[in-house]
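Shown next, in structure tokens, is the structure this report addresses.
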Number of protein chains: 2
Amino acid sequence: MTYRDVPTETMDRLFLYMRALTCLRREKSETVSSSRLAEICNVNAPKVRKDLSYFGEFGVRGVGYNVNELLDHIRRILKLDRSVNVALIGAGNIGRALITHSSFQLEGFNISMAFDIDREKIGTRVGSITVEDMMDFPDRVEEEGIDLAILAVPEEVAPEIARIIADTNIISILSFAPCELCMPENVKVTCVDLSMEMARLLYNSRQTVTRKKKERKP
Amino acid sequence: MTYRDVPTETMDRLFLYMRALTCLRREKSETVSSSRLAEICNVNAPKVRKDLSYFGEFGVRGVGYNVNELLDHIRRILKLDRSVNVALIGAGNIGRALITHSSFQLEGFNISMAFDIDREKIGTRVGSITVEDMMDFPDRVEEEGIDLAILAVPEEVAPEIARIIADTNIISILSFAPCELCMPENVKVTCVDLSMEMARLLYNSRQTVTRKKKERKP
DNA sequence: CTTAAATTGTGAATGTGAACACAATCACAT
DNA sequence: ATGTGATTGTGTTCACATTCACAATTTAAG
């Protein structure tokens, strides 16, 4: 099932709603109103309602939305109702942080394998995972059914690694290398660039007073 | 100087252009055409030209844009022509990764101080920085003129730390805690949630074939 | 000097998303 | 039962952003 006439922006916000609902569930909230949900996500209430209404009538008038129910609906819409297998490439500082920190292991994403090209690191353990040889990556990925790769290697080796990934059937890469990766067209790469986030953040803080307040993109 | 009638979206894309230009400069490119810049940023060429034209005429017809010159212009527009002082709070795995990894120390952002509440960590060195006591944070921040704080502490202590920050005049926080922080209205918080990034990425990869290609938001 | 190729800058048209007001619905108290 | 307060769902209007086509300008070659 694909949702053809749903605005791209709405689709985007669904991920925000998902995160907020996950928080609310953790806090044992039973129901949530559109205005509360909007508040958490930094949007406005009518937008929340309109967004949700594209997919059905999930709320109860006069009451609000059932947190668990709505979360399930959204997860199904976003095709996140099955858990996702993630492979980490690069067992350096970032890699270790990602595996160790529980907050990244959120809801259905589990980093189940780690790879490196460094002989020193291969065979060592990070958390409960043993670092494997990057040479074995293509075979192992197919065996284990990996959906997504996290690229946490130094910029210099990123292109080399990229070539290895390109030969597998992985089509989703989350990269920490601050550069363009050369990839086949069907492979989607998201580049995590914290300095860009900081720049945006800083700019917006500085504008708060002078500029008409406007909601920020997620 | 504020830019009143510039679309929000244009403002947002400026950060993308900045990153791309930084890359290009590193690769010693002298000039760049709108189409090449568009390619790197995953947008289209007319959009790049229109965006830039809101701020002046930076290009040369028949030739393109001078990389250095354009980068300077954009940095000035985004008020990033002076370097930004960043304080890290939390000297755990993430914190260490941020300091160690050179790619985060990008262009004008320097993490110059680190704080923690853990007695064990205070006084230790991370890279070239000595971890200080969080109790001293308010004073030290004022002394050193910190523009932005990175919050890389476990979720449990995040609210406590948030209160300390709230009493300083820091108005920009980049948080790795996957939860809402209670902050005064004028303080902007950007929450880095990698699992949400992963979810978006995965959804978009899966849609590539069935859905009409559409540019992704930055 | 003239022509061709490349590339920017931009006004007008088009498309898309946001806002808003209000009708519809529900829970609950009396 | 019935009214009241709360909250959702949505059609319409409006504002904003994107696209497109083309004029303007530059470089380079003949």
Side-chain angles (χ1 to χ4, degrees), chain A residues 3-17 20-21 24 29-67 69-70 73-74 77 211-218, chain B residues 3-17 20-21 24 29-67 69-70 73-74 77 211-218:
Chain A
Y3 304 93
R4 195 162 297 272
D5 288 335
V6 178
T8 323
E9 308 287 320
T10 295
M11 257 349 206
D12 251 33
R13 281 190 296 268
L14 241 40
F15 292 92
L16 281 182
Y17 303 153
L21 288 166
L24 287 167
S29 301
E30 286 268 324
T31 62
V32 64
S33 67
S34 59
S35 51
R36 174 70 185 127
L37 195 51
E39 192 191 355
I40 300 176
C41 299
N42 272 306
V43 297
N44 59 39
K47 211 185 280 187
V48 171
R49 296 200 297 273
K50 181 126 225 178
D51 283 345
L52 296 177
S53 76
Y54 284 109
F55 306 98
E57 305 200 357
F58 303 135
V60 178
R61 292 165 196 231
V63 180
Y65 301 90
N66 178 295
V67 171
E69 219 172 275
L70 184 56
H73 275 300
I74 292 182
I77 293 166
R211 232 187 165 191
K212 194 183 66 184
K213 248 192 293 183
K214 247 200 135 169
E215 288 159 19
R216 282 280 306 117
K217 283 277 146 51
Chain B
Y3 302 95
R4 196 163 297 274
D5 289 333
V6 179
T8 323
E9 310 287 320
T10 294
M11 261 337 204
D12 250 34
R13 279 190 296 268
L14 242 39
F15 292 92
L16 281 181
Y17 303 153
L21 288 165
L24 287 166
S29 301
E30 287 268 325
T31 62
V32 63
S33 67
S34 58
S35 50
R36 174 69 186 127
L37 195 50
E39 190 190 357
I40 300 175
C41 299
N42 271 306
V43 297
N44 58 40
K47 209 184 283 188
V48 170
R49 295 200 298 273
K50 181 128 230 177
D51 283 345
L52 296 177
S53 76
Y54 283 107
F55 305 96
E57 306 199 356
F58 303 134
V60 178
R61 294 166 196 230
V63 180
Y65 301 89
N66 178 296
V67 171
E69 221 173 273
L70 184 56
H73 275 299
I74 292 183
I77 293 166
R211 231 184 166 195
K212 194 183 68 183
K213 249 191 291 183
K214 245 195 139 172
E215 288 159 18
R216 283 279 305 115
K217 280 280 143 49

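In what follows, chains are A, B, ... by sequence order, proteins preceding strands, each numbered from 1.
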Specify the residue among D51(A) and Y54(B) whose closest nucleotide of DNA chain C lies further upstream toward the 5′ end.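 The 5'-side residue here is Y54(B).
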Provide, to the nearest angstrom, the distance between the [atom1] atom belonging to [X] and the [atom2] atom belonging to [N].
X	N	atom1	atom2	answer
E9(B)	dT16(C)	CD	P	15 Å
D12(A)	dA17(D)	CG	P	16 Å
L70(B)	dT8(C)	CG	C1'	12 Å
N66(A)	dA27(C)	CG	P	13 Å

First locate atom CD1 of I77(B), then atom OH of Y17(B), and finally report the distance between them rounded to the nearest 0.5 Å.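 So the CD1 of I77(B) and the OH of Y17(B) are separated by 11.5 Å.
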List in chain and number order the residues that pass ring pair (Phe, Tyr, Trp, His ring centres under 6.0 Å) with Y54(B), two or more places apart in sequence or in another chain; answer none if no residue qualifies.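 In terms of ring pair (Phe, Tyr, Trp, His ring centres under 6.0 Å), with neighbours along the sequence ignored, Y54(B) is linked to no residue.
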With sequence neighbours excluded, what pairs up with F15(B) under the ring pair (Phe, Tyr, Trp, His ring centres under 6.0 Å) test?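 Ring pair (Phe, Tyr, Trp, His ring centres under 6.0 Å) list for F15(B), sorted by chain: empty.
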[X] side-chain N/O to [N] phosphate OP1/OP2 under 4.0 Å:
X	N	result
K47(A)	dA19(C)	yes
T10(A)	dG17(C)	no
N44(A)	dA19(C)	yes

Specify the closest pair of heavy atoms between V48(A) and S34(A), including all atoms of both residues, with the distance to one decimal.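 That closest heavy-atom pairing would be CG2-O, 4.0 Å.
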With ring-ring contact (aromatic ring centres under 6.0 Å, His included) as the rule and sequence neighbours excluded, what pairs involving residues 32-51 of chain A come up?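 Output for this query is empty, none listed.
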Just jot down the side chain to side chain donor-acceptor pair (under 3.5 Å) partners of S35(B), sequence neighbours excluded, or say none.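 For S35(B), the residues satisfying side chain to side chain donor-acceptor pair (under 3.5 Å) (neighbours in sequence not counted) are S33(B).
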Base, backbone or nothing for each nucleotide of nucleotides 4-12 of chain D, written B, S, -, heavy atoms under 4.0 angstrom, 5' to 3'? --BBBBBBB
Taking salt bridge (Lys or Arg N to Asp or Glu O under 4.0 Å) as the test, write out the residues that go with E69(B), two or more places apart.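 For E69(B), no residue satisfies salt bridge (Lys or Arg N to Asp or Glu O under 4.0 Å) once neighbours in sequence are set aside.
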Partners meeting salt bridge (Lys or Arg N to Asp or Glu O under 4.0 Å) with E30(B) (sequence neighbours left out):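 E30(B) satisfies salt bridge (Lys or Arg N to Asp or Glu O under 4.0 Å) with no other residue.
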If you look only at pairs with a residue in residues 48-59 of chain A, which of them pass as a salt bridge (Lys or Arg N to Asp or Glu O under 4.0 Å), with sequence neighbours excluded?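 Non-adjacent pairs meeting salt bridge (Lys or Arg N to Asp or Glu O under 4.0 Å): R13(A)-D51(A).
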Could you give the angle between the helix axes at the two ends of the helix from dC1(C)-dG30(D) to dT30(C)-dA1(D), with five pairs per end, rounded to 10 degrees?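 Inter-axis angle at the termini of the helix from dC1(C)-dG30(D) to dT30(C)-dA1(D): 10°.
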